[in-house]
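Here the structure is laid out as structure tokens; the discussion comes afterwards.
Residues: numbered from 1 along the sequence shown.
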Amino acid sequence: MGWGLLGVGLLLALYTLIRHGLRRALPPLVCPVLHGRTAIVTGGSGGIGAATALELARGGARVVLAARSAPRGEATARRIRTETGNPNVWFMHLDLASLRSVRDFASAFLRQEPHLHLLINNAGVSAGGTTEDGFSLSFQVNHLGHFLLTQLLLERLQSSAPSRVVIVASSAHCAGRLRLNALGHPPPGMFSTFQDYCDSKLANVLHARELATRLQGTEVTCYAVHPGGCCGSDEKQYVYGGWAWAWWCITDTQRISLEIMTLQPRCEDVETAEGVALTVTGVAQVKIMTEKELLAVACEQFLGKNVQDVKNVVLQTLEGHLRSILGTLTVEQIYQDRDQFAKLVREVAAPDVGRMGIEILSFTIKDVYDKVDYLSSLGKTQTAAVRRDADIGVAEAERDAGIREAECKKEMLDVKFMADTKIAESKRAFELQKAAFSEEVNIKTAEAQLAYELQSAREQQKIRQEEIEIEVVQRKKQIDVEQKEILRVERELIATVKRPAEAEAYRIQQIAEGEKVKQILLAQAEAERIRKIGEAEAFVIETVGMAEAEGMRLKAEALQQYGEAAQLALVLDALPEIAAKVAAPLSRVDEIVILGGEKNNTTSEVNRLLAEIPASVRAVTGVDLTKIPLIQKVTGAQV
């Protein structure tokens, strides 16, 4: 029991010594002054390379971080610039697993930089696989890539002397074996990957020794160093949404939150392009990206920090971009199109935040206001403009309605005038026709009076029948008019409910059309009645004429057949009328006095009156009594 406890205590003590011994803070380094010196550090995005670049930047050197991952390299360069205050730290892409990439890097560097004082070949891997050039991954990255890079930059190192080449090797070179017939290819066996790593480190040492020998006297020195027991960045493992093994007392584990973080950036009293001070608040949703390389970048910068620290870093970045963009826009652009303004801020800030491994999920402008009521004045101006446009629209609508109403009234009056004109024309034609008929009737009346009286009853009956038919036609027309009036009233009621503004015009139009139709129908009925009357009168006249002609014919035949007897009968028929005409003046005389001195004078007067009778009969009947023998005998007239 005691020995067990003692063993546990010793293990705990050993763990404490190992852990604190490996993680205790190193004493501060005394870095030489390196101002005006240019250095290249391969694999400078993390591990020993990043630490080396940090110390070189502290000394004031221009440092190029040559690494494969652009996000990690950019993030490391930005962090070193922030920590050291040295702006001359930047990233350049270099993939040692590709000899073409090595040549491209060397060409770009030689074009940009006139000097090179320090080349640190730090990058290294311990992994299996074959590169695009046909070599094993470990041997090409650890040795062949660095060998080619050194040869391409050697002339620039010599021209910048004194200068230095540092190759990061390892004590594992002791286990290395170079097989010249299979150089650059992994050896067979169970531990081929480890053996390949050891061979590459042996090649590093041999390269440094041979290069130092050849560069003697050129002020270019070459060193191979063993960094000691440390863990490079390639041995880090990032796990999200799952699990992984962790060795107790050996594996160091840290956590970083991948949850969405809500930020509320705020910029107060920032002057716009017009000099108006605005206060802008927004809401942003951000999170750490889970892509392997970007997650590694975020972990390098934010591991060990709480969520609030991450929020503060991202918030300061967003507020900085928000403030800079506000200074380039006008108040109208910010106020009228907030979505475009927020989109612009998000697009500008996304690259910088992305280099931290942070993704902006959304960014919206929450509020925009000022202390001088500029925005409210702008709103008043817009409100006034809208009200002005509304008043103009109302006035134009009223004007158009008035014009339309006047047009409708004009059309109504035009229809009414046309109807009145047609009615007047119909009346004039009727009066003219009536006058013509009257004239013709008056001419024929005297001639047809006798025959008209004979057939008066029959013709009156026919006329009454025609009048009844005319009345039927008028009644039908009146019913049609009333039906149209009923239809108009129904349409008027419908229009009153649906469209009051148009119902009045429609009603007036329907009334005008109804009156026009009514007048036309009345005129047509009156014309029809007149036509029927005319036809009846014409028929009467024709009948009277025919009867008169037949009478004359019969009289002529009678005169021819009966001779004097017929003539005498005519005379006798006419004598009452003659007597009535002769006696008419005498009927108004109370007393007749014949004055004369001689008796024969009275007789002569009577004879004279009798002598005038034949002339009267001839005027009335057309019969000359003087030609009738019987009359001649009675009157004693001479033939």
For the pair E513 and K516, find out whether any cationic side-chain nitrogen is under 4.0 Å from an anionic carboxylate oxygen. no

Donor-acceptor side-chain pairing of S362 and Q285 below 3.5 angstrom: no

Rounded to the nearest 0.5 Å, the CG atom of L344 sits from the CZ atom of F363 at a distance of 10.0 Å

Salt bridge (charged side-chain N to carboxylate O under 4.0 Å, His left out) assessment of R428 paired with E425: CA-CA 5 Å; R428 181 176 63 82; E425 291 177 353; 5.8 Å; no

Can you tell me if Q264 has over 12 outside heavy atoms packed within less than 6.0 Å of its CD? no

The side-chain contact (heavy atoms from CB on, under 4.5 Å) partners of E347 (sequence neighbours excluded) come to K343

OG1/T262 to NZ/K287 distance, rounded to the nearest 0.5 angstrom? 13.0 Å

Let me see the working for R529 and E526 under salt bridge (charged side-chain N to carboxylate O under 4.0 Å, His left out), right down to the final yes or no. CA-CA 5 Å; R529 187 180 68 82; E526 185 66 22; 2.4 Å; yes

Tell me, please, which residues at least two apart from L263 pass side-chain contact (heavy atoms from CB on, under 4.5 Å). P265, A284, V286, K311, V314, L315, L318

So, taking the atom named CD in E528 and the one named CD in E466, what distance separates them when rounded to the nearest 0.5 Å? 9.0 Å

Say you draw a straight line from NZ of K410 to CG of D414; how long is it, rounded to the nearest 0.5 Å? 4.0 Å

Can E535 and R531 be counted as an ion pair, charged N to O under 4.0 angstrom? yes

Check the pair E359, L361 against side-chain contact (heavy atoms from CB on, under 4.5 Å), reporting the backbone distance first and the verdict last. CA-CA 6 Å; E359 178 183 8; L361 299 178; 3.8 Å; yes

From R323 CZ over to C267 SG, what is the distance, rounded to the nearest 0.5 angstrom? 4.5 Å

Would you list the atom pairs, donor with acceptor, under 3.5 Å between side chains in residues 471-484 and any protein atom, with sequence neighbours excluded?
residue: R475; atom: NH1; partner: Q478; partner atom: OE1; Å: 3.3

Run V307 and M261 through side-chain contact (heavy atoms from CB on, under 4.5 Å) and show every step you take. CA-CA 8 Å; V307 175; M261 295 174 285; 3.8 Å; yes

Between atom CD of E469 and atom NZ of K532, what is the distance when rounded to the nearest 0.5 Å? 6.0 Å

Just by distance, with hydrogens left out, do N312 and Q308 show a side-chain donor and acceptor under 3.5 Å apart? yes

